[in-house]
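Starting from 1, each residue takes its place in the sequence as its number. Values in this document were obtained by computation on a predicted structure and should not be read as measured data.
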Amino acid sequence: YIVGEAVSSAAAGTASHSNIDPEETEETEETEETEETGEETEETGLARVRPLRGLRAERARSASLDVTRLVGPVEVTATVFGSTVLRPVQRRALENGDVELINAAEGTHTGGTELLLRYRRSGFVALATHAWTRSTELDPDSGLRRDVPLTPQHAGSLNAIWEGDEWGRFGVEAYFI
């Protein structure tokens, strides 16, 4: 059983960009499309970020429990985990297009499970993993709890590795999210 606590120094509130002259800062709002993915990104720079005021450091608490069992050439590991980030820093969009960084009124809660299966037999190893994660936070605009964006609920992998003293190692991996 592992319990940990972490502090984010990035949110300590000591940084400020009040020394930036707004007349010297170019406000750009360009849309750029990447060739590989076709996704659009928006460049805004720091001109639209409001000065930091009253921002407090995030604090996190986490716990996990692992159980491993070896049955012949098969190893099975199951994990249950959870964490809470107190005073998480969030970005809030303002009506005039500016952005401010704030501490959320409620914590970000994450929990999940992970399963790992490993098979070993004379120079061959096969791995299969699956992770399930649920993470929620307070939406800074609506004030309602929501799933944390970009946190996949399911992820997994399949791996096969062949090893030989004379020829080295060869592996194949496949991942899904």
Determine whether [X] and [Y] fall in the same hydrophobic cluster, where Ile, Leu, Val, Met, Phe, Trp and Tyr are linked whenever their side-chain heavy atoms lie under 4.5 Å apart.
{"X": "V71", "Y": "F124", "answer": "no"}
{"X": "L65", "Y": "V76", "answer": "no"}
{"X": "V74", "Y": "L115", "answer": "yes"}
{"X": "Y175", "Y": "L117", "answer": "no"}

Minimal non-hydrogen separation, [X] against [Y], with atom names:
{"X": "P152", "Y": "L150", "result": "CD-O, 3.5 Å"}
{"X": "R121", "Y": "P73", "result": "NH1-CG, 3.4 Å"}
{"X": "A104", "Y": "Q90", "result": "CB-OE1, 3.5 Å"}
{"X": "G143", "Y": "L138", "result": "O-CD1, 3.1 Å"}
{"X": "L55", "Y": "I102", "result": "CD1-C, 3.7 Å"}
{"X": "R91", "Y": "P140", "result": "O-CG, 3.6 Å"}

Measure the spacing between [atom1] of [X] and [atom2] of [Y] and express it to the nearest 0.5 Å.
{"X": "D139", "Y": "L144", "atom1": "CG", "atom2": "CG", "answer": "7.0 Å"}
{"X": "E58", "Y": "T108", "atom1": "CD", "atom2": "OG1", "answer": "7.5 Å"}
{"X": "E75", "Y": "L116", "atom1": "CD", "atom2": "CG", "answer": "6.5 Å"}

Heavy-atom side-chain contact between [X] and [Y] under 4.5 Å:
{"X": "L86", "Y": "R61", "value": "yes"}
{"X": "T133", "Y": "F81", "value": "yes"}
{"X": "V49", "Y": "E100", "value": "no"}
{"X": "H154", "Y": "H130", "value": "yes"}
{"X": "E137", "Y": "R146", "value": "yes"}

For [X] and [Y], does a side-chain donor sit closer than 3.5 Å to a side-chain acceptor?
{"X": "D147", "Y": "T136", "answer": "no"}
{"X": "S135", "Y": "T110", "answer": "yes"}
{"X": "T77", "Y": "T68", "answer": "yes"}
{"X": "T129", "Y": "S157", "answer": "yes"}

In terms of heavy-atom contacts, does CG of D165 have more than 12 from other residues, nucleotides or ligands at under 6.0 Å? no
Could you tell me whether L94 atom CG has more than 12 heavy atoms of other residues or ligands within 6.0 Å of it? yes
Got a salt bridge between D98 and R48, using NZ or NE/NH1/NH2 to carboxylate O under 4.0 Å? no
If the threshold is 4.0 Å, N to carboxylate O, is there a salt bridge linking E163 and R169? yes
Kindly determine whether H109 and T84 satisfy side-chain hydrogen bond (donor to acceptor under 3.5 Å, both in side chains), including the steps that lead there. CA-CA 5 Å; H109 307 291; T84 298; 3.3 Å; yes
For N159 and E173, indicate whether the former's side chain and the latter's backbone hold a donor-acceptor pair under 3.5 Å. no
